[in-house]
Amino acid sequence: MARGTTRTAAITIIGGGIMGAVLAYQLARRGMREVVVLERETVASGSIGRATGGLRQQFADELDIIFAREGLRFYRQFIAEMQAEAVPASPPPPPFYQYGYLFLVSDDEAWQAMQGYVALQQRLGVPSELLTPMEVVARWPGLSLITEDLRGASFCSTDGYTDPAAMTRALIGAARRLGVEVYEQCPVLAIQTTRGRVQAVQTSQGRVATPLVINATGVYAALTARLVGIDDLPVYPLRRQLYLCEAVAGLPAELPMVVDQATGFHFRWRDGGLLLGLPHQPSPAEQAASRALETPAFDLTLDPGVWPQIERVIPRRFPALAGLRLRRAWAGLYEMTPDEHPVLGPTEVEGFLCACGFSGHGLMHAPLAAQLLTDYLTTGKSSTLDIEQFGLQRFREGRLLPATRLL
């Protein structure tokens, strides 16, 4: 798009992360024409490029399970279709390492709850199972777990992980081949509305005349909404940190994502080493800055206090990991909402839709979210879930969706 020019689009997606990529691909697959994606930096340069890449169906509430189940199904099908193309896809989708997720439970109350979660998962078609501590040791002897206080574990063999940035780029590549136009280094400067309707998007590269804009800008979604006069979109950042360490001899080659539920500490293979994470509670000041969308809330500087916490957690459960040598570390941002469910669908500004607020589950939940939006835009209804329940209005009316955090 040449600077100073105006082009037209039927649908304009703001954001080149996983949500924008899946949505562009699905819209194009459904025959939608003149779809444009605007990315202020480069595709997958935001939070998705810093994410863990987990694809799990083991959640504690029905909505999350359904979103994740359909997401996993989508990625498996996408990978298979790209591999079956006569001309190899460029860029190709990354592998999906379907080694499972293993949740270790050591608390009596948590174990009771986990049994209910697994029963719900099974009712919804997820092949998760409960394991005794001895069954865990027998399946993965190389983990060398301390099991004296373990009550049990839950495991789902169809869960796993992938490279989220590479998956995003593969989806954008596939969308481009279907006719979607993608503009990188193209920040949105303004969104023009007339009498409550979207008319155009002004970017650093020119103007896009468009009747539909979809806000898929992740942690910046609330700031994007302000461009059309919506000042109460409750999407705010939450910092998380990841650590890539040297490999540890003796661990299983097909290592599941291992999660110590009591602490949230988790690890898996990545790039020949171990990727580690530990959720940490932000301070009251950090929480206030995030809710107010203050500049420090978007800071990716590492909190030096997290690594010592990991070093204290490891020997209590995983003595084989003691003394890990750190390669590198980085921070990323979750796009949180008050009920940890996404904001999807139309707003009071006609033609301005939301696709944001995935609360750390964007990779897993974007495919079904994109399907719901695509159904809404093409037929006005969805056969999977009612998109209206995910609307912005629920926060204004205090109708938060139920959610139980497993990790």
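Predicted, not measured: the structure shown is a model, and the values here were computed from it. Note: hydrogens, waters and symmetry copies are ignored here, and every other heavy atom, side chains too, is used.
Taken to the nearest 0.5 Å, the CG atom of Leu38 stands 9.0 Å off from the CD1 atom of Ile13. Of the inter-residue distances, the one linking Glu388 atom CD with Lys381 atom NZ reads 15.0 Å to the nearest 0.5 angstrom. Between the CD atom in Glu311 and the CD atom in Gln309 there is a gap of 11.0 Å [rounded to 0.5 Å]. In this structure, CG on Leu326 lies 8.0 Å from CG on Leu244, to the nearest 0.5 angstrom. Once rounded to the nearest 0.5 Å, the distance linking NE2 of His280 with CG of Leu278 reads 8.5 Å.
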Output side-chain donor-acceptor pairs under 3.5 Å for residues 167-175, partner residues at least two apart or in another chain, one line each.
{"from": "Thr168", "atom 1": "OG1", "to": "Pro164", "atom 2": "O", "distance (Å)": "2.8"}

Please table the atom pairs, donor to acceptor, closer than 3.5 Å between any side-chain atom in residues 68-81 and protein atoms at least two apart or in another chain.
{"from": "Arg69", "atom 1": "NH1", "to": "Leu124", "atom 2": "O", "distance (Å)": "2.8"}
{"from": "Glu70", "atom 1": "OE1", "to": "Arg73", "atom 2": "NH1", "distance (Å)": "3.1"}
{"from": "Glu70", "atom 1": "OE2", "to": "Arg73", "atom 2": "NH1", "distance (Å)": "3.3"}
{"from": "Tyr75", "atom 1": "OH", "to": "Leu363", "atom 2": "O", "distance (Å)": "2.6"}
{"from": "Gln77", "atom 1": "NE2", "to": "Glu81", "atom 2": "OE2", "distance (Å)": "2.9"}
{"from": "Glu81", "atom 1": "OE1", "to": "Arg29", "atom 2": "NH1", "distance (Å)": "2.9"}

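Using a 4.0 Å cut-off between charged nitrogen and carboxylate oxygen, Arg270 and Asp163 do not count as a salt-bridge pair. Salt-bridge annotation for Arg394 and Asp339: present, with a side-chain N of the basic residue lying under 4.0 Å from a carboxylate O of the acidic one. Look at Arg239 and Asp299 and you find no salt bridge, because none of the NZ, NE, NH1 or NH2 atoms lies under 4.0 Å from a carboxylate O.
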Q: In sequence, state the C-alpha distance, the side-chain angles, and the governing distance for Trp269 and Leu275, and then conclude on side-chain contact (heavy atoms from CB on, under 4.5 Å).
A: CA-CA 6 Å; Trp269 289 123; Leu275 184 68; over 6 Å; no

Q) Does the side-chain contact (heavy atoms from CB on, under 4.5 Å) test come out yes or no for Val188 and Thr224, once each step is laid out? A) CA-CA 9 Å; Val188 170; Thr224 303; 6.0 Å; no

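Take Asp61 and apply the salt bridge (charged side-chain N to carboxylate O under 4.0 Å, His left out) test, not counting sequence neighbours, and it matches no residue. Every residue was checked against the salt bridge (charged side-chain N to carboxylate O under 4.0 Å, His left out) condition with Glu254, not counting sequence neighbours, and none meets it. Residues satisfying the side-chain contact (heavy atoms from CB on, under 4.5 Å) criterion with Glu246, sequence neighbours excluded, are Arg325, Arg327.
Counting heavy atoms from C-beta on, the side chains of Leu324 and Leu276 come closer than 4.5 Å. Side-chain contact between Cys356 and Leu233 is present, with heavy atoms from C-beta onward closer than 4.5 Å. Using a 4.5 Å cut-off on side-chain heavy atoms (C-beta onward), Thr12 and Val198 make no contact. The side-chain heavy atoms of Phe298 and Leu293, taken from C-beta on, include a pair separated by under 4.5 Å. Residues Val259 and Arg56 are not in side-chain contact: their nearest non-hydrogen atoms beyond the backbone lie 4.5 Å or more apart.
Sorted by first then second residue, the ring-ring contact (aromatic ring centres under 6.0 Å, His included) pairs that include residues 183-207, not counting sequence neighbours, number zero.
Cation-pi geometry between Arg316 and Phe265 is not satisfied (NZ or CZ under 6.0 Å from the ring centre, within 45° of the ring normal).
Using cut-offs of 30° and 60° for the angle between ring planes, the Tyr161 and Tyr99 rings count as perpendicular.
Between Phe358 and Phe67, the gap from one ring centroid to the other reaches at least 6.0 Å.
A ring-ring contact (aromatic ring centres under 6.0 Å, His included) with Phe155 holds for exactly one of Trp140, Tyr101, Phe103; it is Trp140.
Closest approach of Pro279 and Gly264 over heavy atoms only: CD-O, 3.3 Å.
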